[in-house]
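Data block below; observations after.
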Amino acid sequence: MPTHDLSPIPELFVSYDSAQKLKVEAGELVSWDLTPRQICDLELLMNGGFNPLKGFLTEADYDGVVENMRLADGSLWPMPITLDVSEAFAEKLEPGQDIALRDQEGVILATMTVTDNWVPNKALEAEKVFGADDQAHPAVHYLHNVAGKVYLGGPVTGIQQPVHYDFRARRDTPNELRAYFRKMGWRKVVAFQTRNPLHRAHQELTFRAARESEANLLIHPVVGMTKPGDVDHFTRVRCYEAVLGKYPASTTAMSLLPLAMRMAGPREAVWHGLIRKNYGVTHFIVGRDHAGPGKNSAGEDFYGPYDAQELFQAHEEEMGIAMVPFKHMVYVEERAQYEPNDEILDKDKVTILNISGTELRRRLQEGLEIPEWFSFPEVVAELRKTKPPRGKQGFTVFFTGFSGSGKSTIANAVMVKLMEMGGRPVTLLDGDIVRKNLSSELGFSKEHRDLNIQRIGYVASEITKNGGIAICAPIAPYAATRRIVRDAIEQYGAFVEVHVATSIEECEKRDRKGLYKLAREGKIKEFTGISDPYDVPEHPELRIETEGTDVDNCAHQVILKLEAMGLIAAH
Ligand code: PPS
């Protein structure tokens, strides 16, 4: 049994007076504007959540962590915490140079002495840390498409915490939670990590876990970054607050963890355990498929269901935090209570009820009943507020295909049909319109095309978030960029990718704008399909063959798809 040492752990902050002085001096330094994920990592580095790390990993530490989950000095650490930057930024730096780390508004949060500056082997990192170099894994996708090419390592000096305006009273540093446990006399604390709303089964299992370990309970949800598509943390925290009142008085606390998850399954479980240990926790609940990223590109799970529990258990002693395996709880109708599935001996005589995550999302999307045995009415009401039925949510239809494939014509027809139906505002972001109004300075290099598509994605995601319909019709030749746009939009509503699959031969034959002729003559460079690549979408929601089909019929196929997806009411 781990001893419960609640003395303060080291932080990376300097004193208030030194911070004021350092902040002025840091104004002169070369500065790096942190990404949202780096801000999360920096917060936990500075406040001791990532103890024993003293900064972003050096190359030697990184190599050890990737290879065998150990820092160069042999300490257990499963996750590379790296400062990824662009090549252009890295080139400017001298070895040993101090840089300022700023948040997205330009506030200096810390300085860092750059001792290491290297180009990582990302494919190897993906294989070792996430189990496969497969971009269906959100962290592998991030690694290859969002993270910079170069990593910087070195010690960090903390000036101030990132500012949070939301739920301030619910945010604690490791030392604040340690002090709270000391004050309350909580000698054993079991933590529950979550990125989802809590329903009755979770309340049952967490309380049982605490009772069985004779411990107090800490609900410790992640509010940094979770899996794309998760319920936003504002909604979740309101849900958690409603559930908190269902536990017996003074047995349970809740605190928000500003962690950027990686969904790395087994390694993530060990990482979560080490972080909780820093927060002064003695026991940690690990469930089936803990921090699982979903299916890989072959449609199989990335990790086995108990891999996380096994890896955690193998390091439990060294970590100094005990694992409480998560029991799969189901509702037994006859006894009107939740019971662990593997402890029900009379399964043939009772009715076992369960609603899966997918089924819950379906019921919310379609505005169907969610029974009281499954969740608390307050939680359901919160979820319904943020997730109205699909027919009332915003969405984006994203056409992609060669120039002259018919994207704009079909998009226009779809827009008119949707406007005729009414109900939600419709905006058309056609390739040419965007290039005139949003991207007039851009050309057709890969970099410029990516910027163009990201701008379209940004506008479409804002429209979707606010309940409108965005219809986009750019060429969007790169699969990775389309994926980034999809992830951004799916946080708020559906993303319907429509591949207008007109062949390049047909487009060239039609040559409506005379551009193909110019491209063949070499007068237009980097022309998609002629002298520039196009990644054919592998799994679009809809593929339209336009050859031999009139526009009306093509547009009708899109409308039928939208109806089938529950996005518009059937007529
Ligand atoms: S991209 O790749 O998504 O940013 O392209 P997009 O913004 O949709 O712009 C494509 C329109 O610009 C014209 N055009 C070219 N297309 C492809 N390659 C090159 N080099 C090029 N130069 C100009 C072309 O008319 C496209 O319009 P559409 O509506 O697709 O025919």
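Both ligands and their constituent atoms are indexed starting at 1 by order of listing. The model shown is predicted, which means the values in this text are computed figures rather than measured ones.
- Using a cut-off of 4.0 Å between Lys/Arg side-chain N and Asp/Glu carboxylate O, Asp532 and Lys446 are scored as not salt-bridged.
- In terms of protein heavy-atom proximity, atom 14 (N) of ligand 1 is closest to Phe444 CZ, 3.4 Å.
- Counting only heavy atoms of the protein, atom 31 (O) of ligand 1 lies nearest to Ser403 OG, 2.7 Å.
- The proximity of Leu515 to ligand 1, defined as any non-hydrogen pair under 4.0 Å, is limited to the side chain.
- Near Ile453, meaning under 4.0 Å from one of its heavy atoms, ligand 1 places the atoms 3 (O).
- Salt bridge absent: Asp535 and Arg483 never bring a charged side-chain N and a carboxylate O closer than 4.0 Å.
- Ligand 1 has at least one atom lying under 4.0 Å from a heavy atom of Lys407.
- In terms of protein heavy-atom proximity, atom 10 (C) of ligand 1 is nearest to Ile475 CD1, 3.5 Å.
- Here Ser405 has no heavy atoms under 4.0 Å from ligand 1, in either its backbone or its side chain.
- For the ligand labelled ligand 1, residue Thr528 lies inside the 4.0 Å heavy-atom shell.
- Aromatic ring pairs are classed by plane angle as parallel below 30°, tilted from 30° to 60° and perpendicular above 60°; the pair Trp32 and Phe89 is tilted.
- Considering Gln193, Glu268, His272 as possible partners of His290, the one that fulfils the side-chain hydrogen bond (donor to acceptor under 3.5 Å, both in side chains) test is His272.
- Classification of the Phe167-Phe234 ring pair by plane angle, with boundaries at 30° and 60°, yields tilted.
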Glu67/Tyr62 under side chain to side chain donor-acceptor pair (under 3.5 Å): CA gap, chis, key distance, verdict: CA-CA 8 Å; Glu67 197 51 40; Tyr62 168 80; over 6 Å; no
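- Less than 4.0 angstrom separates some heavy atom of Glu526 from each of these atoms of ligand 1: 18 (N), 19 (C), 20 (N).
- From the protein, the heavy atom lying nearest to atom 3 (O) of ligand 1 is Ala476 N, 2.8 Å.
- Within the listing of ligand 1, atoms 20 (N) sit less than 4.0 angstrom from a heavy atom of Lys525.
- Residue Gly404 places at least one N or O, backbone or side chain, under 3.5 Å from an N or O of ligand 1.
- Close contacts of ligand 1 with Lys513, meaning ligand atoms under 4.0 Å from a residue heavy atom, involve 25 (O), 27 (O), 28 (P), 29 (O), 31 (O).
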Pair Phe56-Thr82, side chain to side chain contact (heavy atoms under 4.5 Å, CB included): steps then yes or no: CA-CA 5 Å; Phe56 287 97; Thr82 48; 5.5 Å; no
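- Taking atom 2 (O) of ligand 1 as the reference point, the nearest protein heavy-atom neighbour is Arg449 NH1, 2.8 Å.
- When only non-hydrogen protein atoms are considered, atom 9 (O) of ligand 1 lies nearest to Arg435 NE, 3.3 Å.
- Proximity of Arg510 to Cys507: side-chain heavy atoms (C-beta onward) are nowhere separated by under 4.5 Å.
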Verdict with reasoning, Arg362 to Glu366, per salt bridge (Lys or Arg N to Asp or Glu O under 4.0 Å): CA-CA 6 Å; Arg362 188 186 75 85; Glu366 295 179 21; 3.3 Å; yes
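- Between the side chain of Asp84 and the backbone N or O of Gly148 there is at least one donor-acceptor pair closer than 3.5 Å.
- Here the heavy atom of the protein found nearest to atom 11 (C) of ligand 1 is Asp432 OD1, 3.8 Å.
- Protein heavy atom in closest approach to atom 19 (C) of ligand 1: Phe527 CD1, 3.4 Å.
- Not a single heavy atom of His448 sits under 4.0 Å from any atom of ligand 1.
- For the pair Arg482 and Phe495, the cation does not sit on the ring face, since its NZ or CZ is not both under 6.0 Å from the ring centre and inside 45° of the axis.
- For ligand 1, the atoms closer than 4.0 angstrom to any heavy atom of Pro474 are 3 (O), 8 (O).
- Salt bridge Lys513/Asp432: present, at least one basic N to carboxylate O contact under 4.0 Å.
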